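Reviewing the structure listed below.
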Number of protein chains: 2
Amino acid sequence: MTFSVATIADAAVAPPPMTAPQPRAAETVTGRCAGCSARSKGLCGALTAGDLPDLSTTSRPLDLLSATPVVMEGEEALAVFTVMSGMLKLYKTLPDGRQQITGFATAGDVIGLAVGSVYAYTAETVTASTVCRMSRTALRRLMERHPAVQGRLLAMTSVELSAAQDQILLLGCKTAVERVSSFLLALSRRSRPLADGTPSAFLPMPKVDIGAYLGLRPETLSRVLRKLESAGAITRLTNDRIRIENPAALEAAA
Amino acid sequence: MTFSVATIADAAVAPPPMTAPQPRAAETVTGRCAGCSARSKGLCGALTAGDLPDLSTTSRPLDLLSATPVVMEGEEALAVFTVMSGMLKLYKTLPDGRQQITGFATAGDVIGLAVGSVYAYTAETVTASTVCRMSRTALRRLMERHPAVQGRLLAMTSVELSAAQDQILLLGCKTAVERVSSFLLALSRRSRPLADGTPSAFLPMPKVDIGAYLGLRPETLSRVLRKLESAGAITRLTNDRIRIENPAALEAAA
DNA sequence: GACCCGCCCTGATCTGGATCAACCGGACAC
DNA sequence: GTGTCCGGTTGATCCAGATCAGGGCGGGTC
């Protein structure tokens, strides 16, 4: 059962959470982007403050509940979305329903860039998220007017390509323990350390999604985590937070 | 045992094969690019004939024997290379020696683009090949002078990213039969059909390399090919040429 | 010619992770 | 409260593909 992106995106707009930027009536459209927490990231980081009117008039923020599809594989690629907060999973589906998560998107990431006229993957929120929509034609016009945007897009795509190749290495060569160790290390690099300074990893997505990202069943993931814990490499603080006790041990295992 | 790229590339220049474009003494540098068989592909396709002097003065063709490394993972990324003919394998290596081939490059492909200052993968010829070298600084200058080159680079990187995500799906979800079927179909799309019109696939690389690309051992690859052959989906004409007897059966298996 | 070497193929066996099944505990509805 | 559902965990078993082992063949050198 598929829905059009616009339909879902509009229907699933969440009641405004306190954390999301809410334009006040007196606020100008320029001000909306000026106050954006993701302003320095994503595509927008390539623009100076003077260019903000170009942005504000063409982009529109959306607050989304969790489990909301934003773009659907195979549908016409009409817009791109910059993640402002929250987390999304990007995945591809085989005809028989098997799914492979190709990545998780967080603040600053851009989703929905398509080579052809249709999206190559599905993107769906895993937590309540805020994304900023820009139509494809607006993006094209922005690129023409501001060449730096194209450069930024190239840089971001190159980084993603490199990450995808790392994932190919992981899926093609590594064992279950190596995959999980690599994943936890990568997460811990993007996550703030705990109050006492030890690194940690934040896993808001369900275990089955982590498995679908690493090419493992959730049962296997659970066993590996317990193995790492009993080896003293990690401690499971809560269901979605892991403390890295021994980064060197994880490095060695990855 | 690693060698510097320049050392190997210079040492391994092959005796001029008859098929490679050979600049004659009277030929101008502009003429060299004008006669290039890969002119319309790769980066150069973004340039018009009038821009050829810019290309010819900054790029240099190299004839390479098979099994010659062109760029080495971890070495300083000083140049990019456009493949003019032949085939290269791109791979990443784990500390213990396991290798994952992330792709094969053929005419028109650009290799050596790096996010940071070092190459993220090794590229090595699998057949005798001709590549065209351009320094990173020359590429940067070319992009500044010709914005279309940056656009072309973005398009090529996006296509590669999409291909990498397909490969992630393959490695994360698919069975051995599905992987080989997908691979043969992808190859047959890039390969000319046989004289009688039936599609075919050309596999100049050793079986162990195909395996390293698909995340399979060569023994498994051999068994799967036999299985597909006895199922009537393919016929092995020679060691490096396969006739696709039943594309629909392969599609179904992929 | 004989020999060697690299690549490929085939058979036998092994194993890491998948699959199947059961259970637990927290969130939610009623 | 009770029932249900869903995500996670654990144990038992299975199997696809890895690993181990041997043999064939074509191209190269001497």
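Labels below follow one simple rule: chain letters A, B, ... track the order of the sequence lines, proteins then strands, and each chain is numbered from 1. Remember, predicted model here, so these are calculated numbers, not experimental data.
- Using modelled atom types, one side-chain atom of T125(B) and one backbone atom of T68(B) make a donor-acceptor pair closer than 3.5 Å.
- Side chain of T220(A), nearest nucleotide from dA18(C), dG11(C), dC8(C): dA18(C).
- Nucleotide dC6(D) holds its C1' atom 14 Å from the NZ atom of K207(A), rounded to whole Å.
- Residue R236(B) places at least one side-chain N or O closer than 4.0 Å to OP1 or OP2 of dC9(C).
- Using a 4.0 Å heavy-atom distance criterion, G211(B) is classed as making no nucleic acid contact.
- No donor-acceptor pair closer than 3.5 Å links the side chain of K174(B) to the backbone N or O of L169(B).
- Distance CD (E219(B)) to C1' (dT13(C)): 13 Å, rounded to an integer number of Å.
- R179(A) comes within 4.0 angstrom of no nucleic acid atom, judged by non-hydrogen atoms across all strands.
- Rounded to a whole Å, the CG atom of L225(B) is 10 Å from the P atom of dT10(C).
- With E73(B) contributing its side chain and T93(B) its backbone, the two residues share a donor-acceptor pair below 3.5 Å.
- Side chain of R217(A) to backbone of G211(A): no donor-acceptor contact under 3.5 angstrom is found.
- The nearest whole Å value for the distance from the CG atom in D240(A) to the C1' atom in dG26(C) is 14 Å.
- Of the candidate nucleotides dT9(D), dC9(C), dG8(D), dG8(D) has the atom nearest to the side chain of P206(A).
- In this structure, CG of L214(A) is placed 11 Å from P of dA18(C), rounded to the nearest angstrom.
- L203(A) places its CG atom 10 Å from the P atom of dG8(D), with the value rounded to the nearest Å.
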Decide side-chain contact (heavy atoms from CB on, under 4.5 Å) for R223(B) and E219(B); before the verdict, give the C-alpha distance in whole Å, the side-chain angles of both, and the deciding distance to 0.1 Å. CA-CA 6 Å; R223(B) 287 184 243 270; E219(B) 297 95 325; 3.5 Å; yes

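- Listed pair R226(B) / dC9(C) fails the phosphate criterion, with no side-chain N or O lying under 4.0 Å from OP1 or OP2.
- To the nearest angstrom, P of dA18(D) lies 10 Å from CG of L221(B).
- Residue R217(A) places at least one side-chain N or O under 4.0 Å from the OP1 or OP2 atom of dT19(C).
- Residue R98(B) has no polar side-chain atom (N or O) positioned under 4.0 Å from OP1 or OP2 of dA18(D).
- Counting to the nearest Å, the C1' atom of dT19(C) and the CZ atom of R223(A) are 10 Å from each other.
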